[in-house]
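As the structure is a prediction and not an experimental result, all values here were calculated from the model.
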Amino acid sequence: MNTLIYTVNFGQYDSIPIENFYSNKIRYICFYNGEIKKRGNWEYVKINSKETDYKRLSRNYKINFFKYLPEHKNSIYIDCNRVITEKLINYSLKFFKNYSFGVLKHSVRKTLVDELIDWYLISICSEEEIIKIGEYLKKIKYDFEKHYCPHCCLLLRENNNKNINFSKLWWKNFLKFNKRDQLPFTLSSIALKYYPFLIEKEKLIITRKHLKTYKKKIRSLKKLEYLIHKLNDLFGKKIEFNSKNLEWRDFTRKRINIHSY
């Protein structure tokens, strides 16, 4: 069996969906710690780690697949709360006949500004932190015109040298921010000039809400406008912000004027 699906559940952040589709052509592995409700045809591998930052621990297993799954040729990573469909299994088995590296394309985020503002919207970065990240990207002369927005809840990778080298840089870039993994993914891709196949197929997976969600603070329109303009000043030109981000993050019209962009 050359192909497997794996997921992680550290800190009991999510639960395995009961609706998952299981195939006898695929091996299923779940890395976890603590106590979780086990269901489905997963092989549960308990990890006893001294790492207390469960976000970083989960990203370690997600990004550095080659360390923890060395014997497998092809791996499919999926976030624990996503429902695996039969369509995903069939798609993946065909995918590896033609490609070696793929990631789900984000359906809403389109630009670098979208990416950074999203960090602000879900309260993992303050205004000051967002500006510092923008200043860092300007300092390294990041080519934001090549920026694309992956949705790293689904990754398909062959265990080869290119993907291993990519993951090593992705992990290094992730640790610079230690927040989200999508932007470090794209930073690594553009730096290496190594691009995944962007998967746009619908209904390969079904989204379920996290058991623990980000604390969403009400964001003022004035601060959002300031951030968008400040970022564009840093980058030297206007990069559009997609207002659908606000709807996707459930910032409704009562909370913020989504038609101001």
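- For the residue pair N33 and I36, the shortest heavy atom distance occurs at O-CG2, 4.1 Å.
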Audit row: N90, T85, side-chain contact (heavy atoms from CB on, under 4.5 Å) steps and yes/no: CA-CA 9 Å; N90 293 334; T85 66; over 6 Å; no

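- The backbone N or O of D14 sits less than 3.5 Å from a side-chain atom of N9, completing a donor-acceptor pair.
- Taking Y148 as the reference, S189 meet the side chain to side chain donor-acceptor pair (under 3.5 Å) condition, with sequence neighbours excluded.
- Residues satisfying the side-chain contact (heavy atoms from CB on, under 4.5 Å) test with N173, not counting sequence neighbours, are L169, K176, P184, L187, S188.
- V8 and S58 get closest at one heavy-atom pair: CG2-CB, 3.7 Å.
- In summary, the aromatic rings of Y28 and Y6 are positioned with their centroids too far apart to meet the 6.0 Å limit.
- For the pair K203 (side chain) and K87 (backbone), a donor-acceptor distance under 3.5 Å is absent.
- Residues D79 and L154 form no side-chain contact, since every pair of their non-hydrogen atoms from C-beta on lies 4.5 Å or further apart.
- More than 12 heavy atoms of other residues, nucleotides or ligands shown are found within 6.0 angstrom of CD1 on I140.
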Worked verdict on K230 versus E127 for salt bridge (charged side-chain N to carboxylate O under 4.0 Å, His left out): CA-CA 10 Å; K230 179 64 177 177; E127 300 96 278; over 6 Å; no

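- A distance-only check finds no donor-acceptor pair linking the side chain of N60 to the backbone of R56 [under 3.5 Å].
- Here the CZ atom belonging to R157 is positioned 11.0 Å from the CD1 atom belonging to I76, to the nearest 0.5 angstrom.
- Side chains of K62 and L155 form a contact here, defined as non-hydrogen atoms less than 4.5 Å apart.
- Summarising the local packing, NZ of K132 is surrounded by 12 or fewer heavy atoms from other residues, nucleotides or ligands at distances under 6.0 Å.
- At least one side-chain heavy atom of N178 sits under 4.5 Å from a side-chain heavy atom of K55.
- To the nearest 0.5 Å, the span separating OG1 on T111 from CZ on F241 amounts to 8.0 Å.
- Side-chain contact between T7 and I29 is absent, with no heavy atoms from C-beta onward closer than 4.5 Å.
- A donor-acceptor distance shorter than 3.5 angstrom exists from the side chain of E51 to the backbone of D53, with no hydrogens or angles considered.
- Within the 4.5 Å cutoff, the side chain of R59 has no heavy atoms near those of the L175 side chain.
- In this structure, I117 and L231 have side chains that are in contact, with non-hydrogen atoms separated by less than 4.5 Å.
- A distance of 6.0 Å or more separates the ring centres of Y77 and F65.
- For the residue pair R82 and T207, a side-chain donor N or O sits within less than 3.5 Å of a side-chain acceptor on the partner.
- Using modelled atom types, one finds no donor on one side chain facing an acceptor on the other under 3.5 Å when comparing R109 with H151.
- S100 places no side-chain N or O within donor-acceptor distance of the main-chain N or O of F96, the cut-off being under 3.5 Å.
- Atom CD1 in I122 sits 10.0 Å away from atom NZ in K179 (nearest 0.5 Å).
- I133 and L116 make their closest contact through CG2-CD2, 3.7 Å (heavy atoms, listed as atom of the first residue, atom of the second, distance).
- In the hydrophobic clustering (ILVMFWY side chains linked at under 4.5 Å, chained through shared members), V83 is joined by I206.
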Stepwise salt bridge (charged side-chain N to carboxylate O under 4.0 Å, His left out) check, E43 with R27: CA-CA 8 Å; E43 297 173 38; R27 186 181 179 189; 2.8 Å; yes

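- For the atom pair OG of S23 and CD1 of I89, the computed distance is 5.5 Å after rounding to the nearest 0.5 Å.
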Result block: side-chain N/O donor-acceptor pairs under 3.5 angstrom for residues 191-202, not counting sequence neighbours:
unit_1 : atom_1 : unit_2 : atom_2 : d
Y194   : OH     : N163   : OD1    : 2.7

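- Under the rule for a side chain to side chain donor-acceptor pair (under 3.5 Å), Y54 has no partner lying at least two apart in sequence or in another chain.
- In this view, V108 and H106, N242, K244, N245, W248 satisfy the side-chain contact (heavy atoms from CB on, under 4.5 Å) rule, not counting sequence neighbours.
- Between F31 and Y61, the angle of the ring planes lies from 30° to 60°, which puts this pair in the tilted group.
- Taking the charged nitrogens against the carboxylate oxygens, K110 and E240 have no contact shorter than 4.0 Å, which rules out a salt bridge.
- H147 NE2 to I190 CD1: the interatomic distance, rounded to the nearest 0.5 Å, is 7.0 Å.
- Rounding to the nearest 0.5 Å gives a distance of 12.0 Å between CG of D114 and CG of L183.
- Shortest non-hydrogen contact noted between R39 and Y22 is O-OH, 4.0 Å.
- Each of F174, W119, F185 was compared with R180 under the side chain to side chain contact (heavy atoms under 4.5 Å, CB included) criterion, and only W119 meets it.
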E35 vs K46, salt bridge (charged side-chain N to carboxylate O under 4.0 Å, His left out): CA-CA, chis, key distance, verdict: CA-CA 9 Å; E35 298 299 325; K46 191 168 187 177; 3.6 Å; yes

Step-by-step side-chain contact (heavy atoms from CB on, under 4.5 Å) determination, F101 to L156: CA-CA 6 Å; F101 184 27; L156 285 76; over 6 Å; no

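- Within the 4.5 Å cutoff, the side chain of C153 has no heavy atoms near those of the I78 side chain.
- Closest non-hydrogen pair, Y120 versus K223, comes out as OH-CB, 3.5 Å.
- In terms of heavy-atom proximity, I63 sits nearest to S167 at O-OG, 3.0 Å.
- Counting only heavy atoms from C-beta outward, the side chains of V113 and N232 approach each other to under 4.5 Å.
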